[in-house]
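Because the structure is a prediction, the values reported are computed rather than measured. Letters A, B, ... mirror the listed sequences (proteins, then strands); counts begin at 1.
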Amino acid sequence: MGAQAIADAFARARAEGRPALMPYWSLGYPDAETSLRVIEAIAAAEPDLLELGVPFSDPLADGPIIQRANQIALARGITVAHCVELAATLRRRQVRQPMLAMGYANPLAARGEEEYVRLWHDAQVDGLIVPDLPPEESGDLQRICARYQMALVQFAAPTSTDARIALAARCASGFIYVVSVTGVTGPRQDLAAGLRDYVLRVRRLSGGLPVAVGFGISTAEHVREVGQFADGVIVASALLRAAGEASDPAQAAYDFVRGLQYWR
Amino acid sequence: MAVAVVPGGPDAHGKFGTYGGRFVPETLMPVLDELIEAYEELRHDPAFRAEYEHLLRTYVGRPSPLTHARRLSEALGGAQIYLKREDLLHTGAHKINNALGQALLAKRMGKQRVIAETGAGQHGVATATACALLGLECVIYMGRIDMERQQPNVHRMRLLGAEVRCVTSGTQTLKDAVNEAIRDWVTHPRETYYIIGSALGPHPYPLICRDFQSVIGREARMQILDQAGRLPNTVIACVGGGSNAIGIFTAFLADASVQLVGVEAGGLGIASGKHASRFAPPTQNVRGAVGIFQGMRTYVLQNADGQIAETHSISAGLDYAGIGPEHVYLREVGRAEYVSATDAEALRAFHLLCQLEGIIPALESSHALAEAIRRAPHLSRDAILLVNLSGRGDKDLNTVLAADEASPDEAAHG
């Protein structure tokens with residue numbers, strides 16, 4: 001459970017000589033029931049971890065695909081309480097991968113930090129990702145997550161100085177989320193130039209925490225390439241694009257996540 | 001008597017009390033560090049200050065006059081109303097003080113590309129103007145709905161050489177334009193300077209904007225002492241993000257006898273839930289509560305689940321869910337109070353000023369006037385209300401004509 005389960009998932013992938021794969025799906029997209037079926041199908045494709053999006057009206061780190069998924073879920077009335085319920089349902093349906101809830105700071109602030117962490121903890125979610133809460137502003141949340149043995153992920157960006165990466169590493173638990181490009185989330189043709197050196201720099205400063213790369217990772221080829229120097233890869237928009245509007249979203253998501261695993 | 005507050009703050013973390021701070025994706029944190037460092041150096045640089053002040057005098061048209069609104073005061077039969085005439089500045093509003101200062105800052109930092117968001121278009125026009133003057137590339141983000149409502153300002157920005165990008169995400173209004181500008185900034189952080197249009201956003205923006213706008217209060221304080229021989233009883237300003245208000249309040253913070261009043265947009269009335277009053281009591285769907293929005297910890301209009309609420313005001317410049325963090329602080333320590341005026345009250349104030357003083361005020365500023373009109377009759381004739389007339393109303397003619405057609409009685413009775 002919790003931060004330990006996340007560490008174990010990275011360790012298992014490493015032992016197999018491959019990156020840990022972490023697909024993302026927005027809870028409540030395109031509707032609550034479909035999102036459950038899609039995430040179950042993703043889990044059945046046997047990735048190592050799951051990132052679950054918690055919709056927010058103003059997702060300023062996200063590109064058009066995730067924005068749209070957020071909007072559609074919100075228009076159908078999804079709330080934080082529903083999202084937590086969906087995660088708990090996934091556990092009851094035997095989804096076993098470590099799960100991280102990715103959501104912005106305001107719904108968290110509206111609940112109260114302690115209450116927010118407790119809700120996810122009780123739903124057997126293992127960690128939180130909050131993209132607009134940098135280390136300087138997340139001190140309380142770090143302490144609360146630690147108390148519940150939940151991971152709180154911190155970010156590294158291409159603009160981060162060594163000092164900032166070291167700060168993120170000191171404040172993070174679970175892993176360090178390496179934003180591959182300057183930009184918002186969204187599928188990209190090519191990996192960012194200089195990604196290898198940048199990720200190796202983060203690894204040097206990560207204090208032993210796993211380093212997972214996201215933003216723009218779209219294909220099995222990307223996964224293979226990034227897997228040569230990172231501990232994990234996160235695939236979000238490309239998966240939403242491939243499965244969100246498919247006639248059978250669950251099957252499409254399964255196929256896509258299966259297809260990313262070049263080691264099979 | 002109000003509490004005196006020593007002008008200053010934010011603290012080392014960019015907080016006014018517990019408000020403000022930096023709630024942005026990691027990509028922008030080093031960019032903000034760079035901005036803090038550059039601004040700390042330049043704000044004390046005599047050459048930078050001299051260049052800015054020279055342009056304020058010779059290009060913007062500062063100092064702006066202080067006008068004693070004699071006929072309006074007479075008609076109300078109470079306090080004397082004085083107007084700080086930011087409407088007379090180049091581009092027609094106080095926005096140019098900030099846009100020009102920050103464009104100069106961008107140029108000094110070696111950033112050739114400037115981006116900005118705009119709601120009504122006033123900040124967009126001011127930024128496009130400053131960029132034309134200083135030879136900077138300029139991209140303005142504007143919601144699709146605002147572009148329809150404010151066509152003339154879209155043309156102005158384009159004439160001035162700016163690229164206007166239509167924002168179709170979210171509610172397609174100001175807050176979405178801010179989101180889209182932040183997304184651009186995250187994508188081009190090294191070469192781009194983002195000029196935020198109000199005393200909003202992550203630290204150090206609320207500080208920078210306040211510094212460039214505080215010329216309003218410095219001038220007004222000297223002018224009222226000169227013309228009336230004493231300080232005003234009350235200073236009144238409208239508050240969207242709150243830059244014109246913080247600009248006029250700052251010079252009076254230490255004057256304990258001077259009451260400071262911010263006026264939020266009451267829209268169709270607080271009970272309707274269709275307003276932009278962050279400090280109003282909660283209704284069923286909308287509550288103003290402390291939250292985290294567009295880079296800062298502040299009061300935000302939201303639903304119970306923390307989703308940002310849609311706001312309403314007849315004035316596009318006040319139609320925003322968040323508020324500058326220093327205002328939350330000033331309210332919390334009791335230095336300033338915040339009230340609201342409805343669309344209808346603002347329209348009545350608009351007409352009254354047109355008819356009695358020959359001044360067409362912006363609908364934003366009309367909210368501040370509405371509060372002065374409410375207070376003046378209850379005060380003695382030697383009381384002084386100082387109103388920040390933050391902009392002129394040419395841009396609002398279509399909106400006002402449409403509103404008058406919808407309820408002709410209101411217009412006729414002024």
Side-chain angles (χ1 to χ4, degrees), chain A residues 54-64 67-68 70-71 73-74 77-83 103-112 116 130-139 154-165 167-168 176-179 181-186 215, chain B residues 12-15 18 20-34 167-171 175-192 201-203 287 289-298 300-310 321-322:
Chain A
V54 183
F56 179 50
S57 53
D58 295 78
L60 50 73
D62 285 305
Q67 283 175 42
R68 197 165 160 273
N70 271 299
Q71 263 183 312
L74 287 171
I78 194 87
T79 63
V80 169
H82 289 148
C83 289
Y104 286 81
N106 199 54
L108 185 157
R111 280 266 163 196
Y116 189 86
V130 190
D132 53 350
L133 217 51
E136 288 90 337
E137 303 289 2
S138 59
Q154 300 285 352
F155 288 81
T159 48
S160 301
T161 57
D162 286 0
R164 288 204 58 82
I165 295 170
L167 172 68
I176 295 187
Y177 192 134
V178 179
V179 177
V181 291
T182 53
V184 293
T185 56
F215 283 45
Chain B
H13 308 288
K15 297 269 172 77
T18 60
R22 296 192 290 172
F23 295 85
V24 294
E26 171 62 22
T27 308
L28 295 177
M29 291 295 282
V31 181
L32 292 171
D33 283 340
E34 180 198 14
V167 176
T168 55
S169 59
T171 57
K175 82 175 171 72
D176 309 286
V178 174
N179 289 338
E180 222 43 61
I182 292 176
R183 289 176 187 128
D184 177 314
W185 193 25
V186 169
T187 308
H188 310 283
R190 296 181 182 94
E191 64 273 31
T192 300
H203 176 65
R287 63 188 186 113
V290 176
I292 293 162
F293 181 52
Q294 298 188 327
M296 58 188 165
R297 184 169 188 274
T298 189
V300 190
L301 282 171
Q302 52 190 299
N303 71 13
D305 209 40
Q307 306 296 341
I308 307 307
E310 282 191 44

Where on [X] is there a heavy atom nearer than 4.5 Å to chain A: the side chain, the backbone, both, or neither?
{"X": "B:Pro189", "answer": "side chain"}
{"X": "B:Asp33", "answer": "side chain"}
{"X": "B:Ile308", "answer": "both"}
{"X": "B:Phe23", "answer": "both"}

Next on the checklist: Under 4.5 Å from any heavy atom of chain B, what part of A:Pro64 do you find: side chain, backbone, both or neither?
Outcome noted: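 Contact with chain B: none, neither part.
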Checklist entry - In terms of heavy-atom proximity below 4.5 Å to chain B, should A:Ala156 be classed as side chain, backbone, both, or neither? => result backbone
Next on the checklist: For a 4.5 angstrom cut-off between non-hydrogen side-chain atoms, does A:Glu137 reach B:Met29?
Outcome noted: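 Answer no - side chains too far apart.
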Next on the checklist: Any heavy-atom pair between the side chains of A:Pro158 and B:Arg190 that's under 4.5 Å?
Outcome noted: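 Yes, side chains in contact.
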Checklist entry - Looking at B:Val31, B:Leu28, B:Ile292, B:Asn179, which has the largest count of heavy-atom pairs under 4.5 Å with chain A? => result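 Most heavy-atom pairs under 4.5 Å with chain A: B:Ile292.
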Checklist outcome for this item: Residue from B:His188, B:Glu26, B:Glu180 scoring the most non-hydrogen pairs under 4.5 Å with chain A is B:Glu26
Hey, could you give me the [atom1]/[atom2] distance between [X] and [Y], rounded to the nearest 0.5 Å?
{"X": "A:Asp132", "Y": "B:Phe293", "atom1": "CG", "atom2": "CZ", "result": "11.0 Å"}
{"X": "B:Arg183", "Y": "A:Asp62", "atom1": "CZ", "atom2": "CG", "result": "7.5 Å"}
{"X": "B:Glu191", "Y": "A:Thr182", "atom1": "CD", "atom2": "OG1", "result": "7.5 Å"}

Item to check | Neighbour count above 12 (heavy atom, 6.0 Å) for A:Arg164 CZ | outcome: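 Yes, the 6.0 Å shell around CZ holds more than 12 heavy atoms from other groups.
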